[in-house]
Amino acid sequence: MAHQLPSSVDVTAPAGPAAARLASLYNLPAEHQPPWGPGVGEVRTLLSQSPPLVNHSDVELLRTKLAVAQSGQAFVLHVGECAELFSMATAEHIERRLRLYQDLADRLANRTNREVVLLTRMAGQYAKPRSQAIERIPDGTEVLSYRGDAVNDLEPTPAGRRPDPRRLLAAYHHSRDTLSRLDALSSAIDRPAFVSHEAMLRDYEEPLTRGGDAPYSSAGHLLWIGDRTRRLWNWHVQWAATVTNPIAVKIGPSATGYDVFDLARTIDPHHEPGRLSLIARLGAEEAAQRLAPLLRIVTESRAPVLWQCDPMHANTRTIDGRKVRLLPDVRAEVTGFVSTLRAVGCHPGGLHLEVSPDATTECRESRTASSDDDDGQRPPCDPRLNPTQAASVIDHFAELVTA
Ligand code: PEP
Ligand code: MN
């Protein structure tokens, strides 16, 4: 069973060449870091003295499972909230999310007759990159954008939006609570639920990097690098290259063949199966055309990449002042992804979805909203599929990959 909380208080700091390699990242620029006030140094020290969140053996177990998926014998379902909130770290909410994710994974497994590796966006998905640093609230005041509960508060007031480094400690504790709940729930379930989040904040990720001379991130089983922070020589990619966990990188419409080639060579220089996933999020209209040349370059490099499709992040539209995602866009990107991979004999390895356990109306079928399409609720971050919509996207993917 995965994600048992580490029993011993292993706070082994990276040592030897590994420590030197991590120290060499010190001067690298890191994009999307919050302007913390004072106190971040102390928080880093406390985090570095805290027990690891995940076990190294479970990290390795995930890697072997991703290698099986990469070889074509399994699929990955990578699923969860866009932004976890601290208020979601309750027994009830964690159970509702886990049950939904397990049901969706069972559905994909049943419809494809393949094993499914369940990778959740849980226990650390508390930091968000934002396109706009500033948000104007209805009374005209400008406040800092919400950057996730690990940084500031969703409440749009100047005080609420001030970055507070103590939130990094709260993120750690909520992640730990979430993992212990998942662990308790998993005893009744065959399929382990691995946890992942976007490795975003260096003041969280660095102190939780552990493991003597083979450093690993003890903050999650898989860490991914977002489309906005995948620049080769910046901190995010170089840190990811240093830890031994499975790593994923989001690939958006601006990615070139050189970018993906360099990312694969940097993060997976030894071609270790299960090490690197590329998550294509290229947009419904151009998914196929944009993906084909990237795929060709990765295939020629022989890097054993697991390809996932995120049909959501390049399909966010603003309609009547509201951020929405339309199901026809989501399905079209999935179709373009599967057909492009299939055309070159590559395995369409998995789906990456943002899903809510609530009956949200953040995503919908068409541009014109019916009266049922606005329940007045707004997502904390990006529009999420509701459970029925998520099931329909999974069915669409399953139909394509089994055709
Ligand atoms: C996300 O997954 O929530 C996200 C911000 O993704 P991307 O980096 O693909 O925009
Ligand atoms: Mn998102």
Side-chain angles (χ1 to χ4, degrees), residues 30-34 76-85 88 97 101 119-133 145-151 154 171 195-201 204-205 220 222-232 234-237 239-240 247-255 259-260 263 267 276-284 286-287 290-291 294 307-318 322-326 329-330 333-334 337 350-356 360 362-363 378-386 389-390 393:
E31 292 164 289
H32 289 271
Q33 301 308 294
V76 174
L77 181 64
H78 198 173
V79 65
E81 297 287 330
C82 177
E84 279 186 294
L85 305 179
M88 291 175 180
R97 279 185 285 159
Y101 307 158
L119 197 49
T120 64
R121 295 172 56 118
M122 282 183 110
Q125 181 50 21
Y126 293 122
K128 301 305 301 173
R130 300 313 298 259
S131 313
Q132 307 291 336
S145 295
Y146 173 62
R147 289 166 175 265
D149 273 11
V151 176
L154 193 53
V195 299
S196 68
H197 64 264
E198 176 171 353
M200 176 78 225
L201 300 172
Y204 184 76
E205 304 299 340
L222 173 141
L223 292 308
W224 81 84
I225 304 300
D227 186 50
R228 293 167 187 77
T229 49
R230 61 173 165 71
R231 235 176 280 214
L232 195 66
N234 284 1
W235 178 82
H236 291 88
V237 170
W239 173 83
I247 296 291
V249 185
K250 295 279 203 101
I251 300 296
S254 67
D259 293 340
V260 291
L263 282 166
I267 295 173
L276 178 64
S277 301
L278 294 178
I279 306 176
R281 32 86 88 218
L282 297 164
E286 293 178 69
R290 289 191 195 276
L291 184 56
L294 306 182
W307 285 94
Q308 288 189 39
C309 174
D310 166 355
M312 311 202 66
H313 282 90
N315 293 312
T316 313
R317 301 170 181 251
T318 303
R322 193 179 159 198
K323 239 175 153 187
V324 295
R325 288 167 173 161
L326 303 181
D329 292 341
V330 171
E333 179 146 3
V334 172
F337 172 82
L351 262 186
H352 186 113
L353 303 176
E354 288 183 343
V355 180
S356 165
T360 56
E362 298 162 8
C363 298
R378 294 292 176 267
C381 206
D382 290 334
R384 300 158 296 176
L385 299 166
N386 64 36
Q389 293 167 336
V393 174

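Read the numbers this way: they start at 1 and go in the same order the structure lists the ligands and their atoms.
- Every N/O-N/O distance between D382 and ligand 1 stays at or above 3.5 Å.
- A ring-ring contact (aromatic ring centres under 6.0 Å, His included) with W224 holds for exactly one of H313, H197, H352, H236; it is H352.
- Heavy-atom proximity to E354, at under 4.0 Å, picks out these atoms of ligand 1: 1 (C), 2 (O), 3 (O).
- Using a 4.5 Å heavy-atom cutoff, the side chains of R325 and D382 are in contact.
- At least one side-chain heavy atom of R130 sits under 4.5 Å from a side-chain heavy atom of C381.
- Among protein heavy atoms, atom 3 (O) of ligand 1 sits closest to K128 NZ, 2.7 Å.
- Given atom 8 (O) of ligand 1, the protein heavy atom at minimum distance is D227 N, 2.8 Å.
- Across R281, K250, M200, heavy-atom proximity to atom 2 (O) of ligand 1 is greatest for K250.
- Nearest N/O/S atom of E354 relative to the Mn ion (ligand 2): this is OE2.
- When all heavy atoms of R281 and D227 are compared, the closest pair comes out as NH1-OD2, 3.6 Å.
- In this structure, P380 and L85 have side chains that are in contact, with non-hydrogen atoms separated by less than 4.5 Å.
- When heavy-atom distances to ligand 1 are checked against a 4.0 Å cut-off, E81 has no atom that comes that close, whether in backbone or side chain.
- Contact annotation: the side chain of E81 never approaches that of Q125 to less than 4.5 Å [non-hydrogen atoms, C-beta and beyond].
- Taking every non-hydrogen atom of C82 and a distance limit under 4.0 Å, the qualifying atoms of ligand 1 come out as 3 (O).
- Looking only at protein heavy atoms, the nearest one to atom 1 (C) of ligand 1 is H313 NE2, 3.0 Å.
- When each atom of ligand 1 is checked for a heavy atom of R121 under 4.0 Å away, the hits are 1 (C), 2 (O), 3 (O).
- Our summary of the site lists the angle at the Mn ion (ligand 2) between SG of C82 and OD2 of D382 as 90°, to the nearest 10 degrees.
- Side-chain atoms of E84 and R121, non-hydrogen and from C-beta on, never get closer than 4.5 Å to each other.
- Using a 4.5 Å heavy-atom cutoff, the side chains of M312 and C82 are not in contact.
- Close contacts of ligand 1 with G226, meaning ligand atoms under 4.0 Å from a residue heavy atom, involve 8 (O).
- Residues H78 and L222 come closest through the heavy atom pair CE1-CD2, 3.9 Å.
- Any N or O atom pair closer than 3.5 Å counts here, and H352 shares no such pair with ligand 1.
- Counting backbone and side-chain atoms alike, H313 contributes an N/O/S atom closer than 2.8 Å to the Mn ion (ligand 2).
- The contact set between ligand 1 and R228, taken as ligand atoms under 4.0 Å from a residue heavy atom, comprises 5 (C), 7 (P), 8 (O), 10 (O).
- Residue R231 qualifies as open at atom CZ: its count of foreign heavy atoms under 6.0 Å is 12 or below.
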